[in-house]
Amino acid sequence: MPAQLSSARYGKSNVRILKRELHPDGTQSVVEMTVESLLEGDIETSYTKADNSVIVATDTQKQTAYITAKQNPVTPPELYAAILANHYVTTYNHIHAAHITVVVHKWTRMTVDGKPHPHSFLRDGSEKRTVYALAREGKGISIKSGLKGLLVLKSTGSAFYGFHRDEYTQLPETWDRILSTEVDAAWQWKMFPSIPAVKDAVAKFDPAFQSVTKITTDTFAKDNSASVQNTMYKMSDQILEAVPLVESVDYSLPNKHYFEIDLSWHRGIKNTGKNATVYAPQSDPNGLIECTVSRSPKSKL
Ligand SMILES: O=c1[nH]c(=O)c2[nH]c(=O)[nH]c2[nH]1
């Protein structure tokens with residue numbers, strides 16, 4: 001057969017882990033995450049010749065995710081993901097790359113009787129912190145951190161006018177609209193040559209996540225938005241300024257439309273333009289605006 005395997009990777013997805021941490025003062029904390037590992041290497045014969053000897057079973061990868069969580073910190077998630085990725089390329093001669101994705105689920109400590117509760121938590125937001133770590137044998141560890149699923153809306157302070165018009169254009173210009181999106185942001189760290197280099201940077205990961213969250217929400221709220229494109233660029237620019245070890249920032253923002261409703265047919269009700277108060281939220285279709293912003297060559301010098 002004139003076939004060849006062009007690319008291959010395999011692993012375990014949706015490995016769910018909760019780690020409980022026991023503190024000396026009797027309080028506890030929890031970290032819940034969903035982990036994926038995908039391996040690449042000299043694994044062709046498992047596909048082409050039924051040679052299972054080269055397969056590190058996906059069940060083994062699940063067990064490895066558990067054991068790595070037991071024997072190492074799981075915070076920050078960047079460190080855990082890097083250790084797990086590095087494990088595969090250093091443990092198995094024939095595995096040359098490991099792609100690890102970690103999604104962290106929020107558990108915020110409850111306040112009970114006005115005090116932080118020692119061992120009870122609540123889900124106070126659907127946003128996730130994410131990490132993608134890629135270890136390539138002999139090439140170090142690449143880490144991209146992320147924030148996804150953060151739902152935001154502003155009820156004014158957003159316009160969209162001056163866009164290209166032609167015979168396909170129906171959308172009217174607007175100087176006041178509702179703007180809503182579900183933030184998906186990711187920031188690529190400079191390459192880490194080894195696990196010790198990741199450990200050296202360990203104190204930077206949580207503050208970077210906090211900066212990105214704050215820059216995203218502050219800019220969303222304060223910017224008198226000309227477009228999703230311009231607002232997201234302003235966010236990216238500030239992140240590069242705030243986090244020196246970050247090389248580039250990606251945003252992927254759906255534009256979740258809220259349409260004005262013309263109710264003038266009913267007794268002349270005024271519900272458009274300046275008088276718009278009742279809107280129709282749209283589930284689909286949605287705009288989808290994406291960008292990657294990197295440091296300009298000059299600023300790298
Ligand atoms: O911020 C926006 N960017 C667009 O590209 C676009 N296109 C559109 O129809 N509305 C919007 N809004």
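Predicted, not measured: the structure shown is a model, and the values here were computed from it. Position 1 is the first residue of the sequence; numbering continues from there. Reckoned from all heavy atoms, side chains included, excluding hydrogens, waters and symmetry mates. Whatever order the structure lists ligands and atoms in, that order sets their numbers, starting from 1.
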Within the structure, is a non-hydrogen atom of Gln170 found at a distance of less than 4.0 Å from ligand 1?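 No heavy atom of Gln170 comes that close to ligand 1.
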Taking the side chain as every heavy atom from C-beta outward, state whether [X] and [Y] have any atom pair closer than 4.5 Å.
| X | Y | value |
| --- | --- | --- |
| Arg109 | Ser29 | yes |
| Thr181 | Met232 | no |
| Glu182 | Asn286 | no |
| Glu241 | Ile239 | no |

Within-cut-off N or O pair, Val228 and ligand 1, under 3.5 Å: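 The answer is yes, given that Val228 and ligand 1 share an N or O pair closer than 3.5 Å.
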N or O pair under 3.5 Å between Arg177 and ligand 1: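 N/O-N/O distance under 3.5 Å: yes.
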Nearest protein heavy-atom contact for [atom]: which residue, which atom, what distance?
| atom | result |
| --- | --- |
| atom 9 (O) of ligand 1 | Leu171 CD2, 3.4 Å |
| atom 3 (N) of ligand 1 | Gln229 OE1, 2.8 Å |
| atom 10 (N) of ligand 1 | Phe160 CE2, 3.4 Å |

Can you say whether the rings of His119 and His117 are parallel (under 30°), tilted (30 to 60°) or perpendicular (over 60°)?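 Taking His117 first and then His119, their aromatic rings stand perpendicular (interplane angle over 60°).
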Do Thr216 and Tyr251 have side-chain N/O donor and acceptor atoms under 3.5 Å apart?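 On atom types as modelled, these side chains qualify, holding a pair under 3.5 Å.
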Under 4.0 Å from a heavy atom of Asn255: which atoms of ligand 1 are those, numbered in the order shown and with their elements?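 Answer for ligand 1: 2 (C), 11 (C), 12 (N).
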If you count the atoms of ligand 1 from 1 in the order shown, which ones are under 4.0 Å from a heavy atom of Ser227?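 Within the 4.0 Å cut-off of Ser227, ligand 1 contributes 1 (O).
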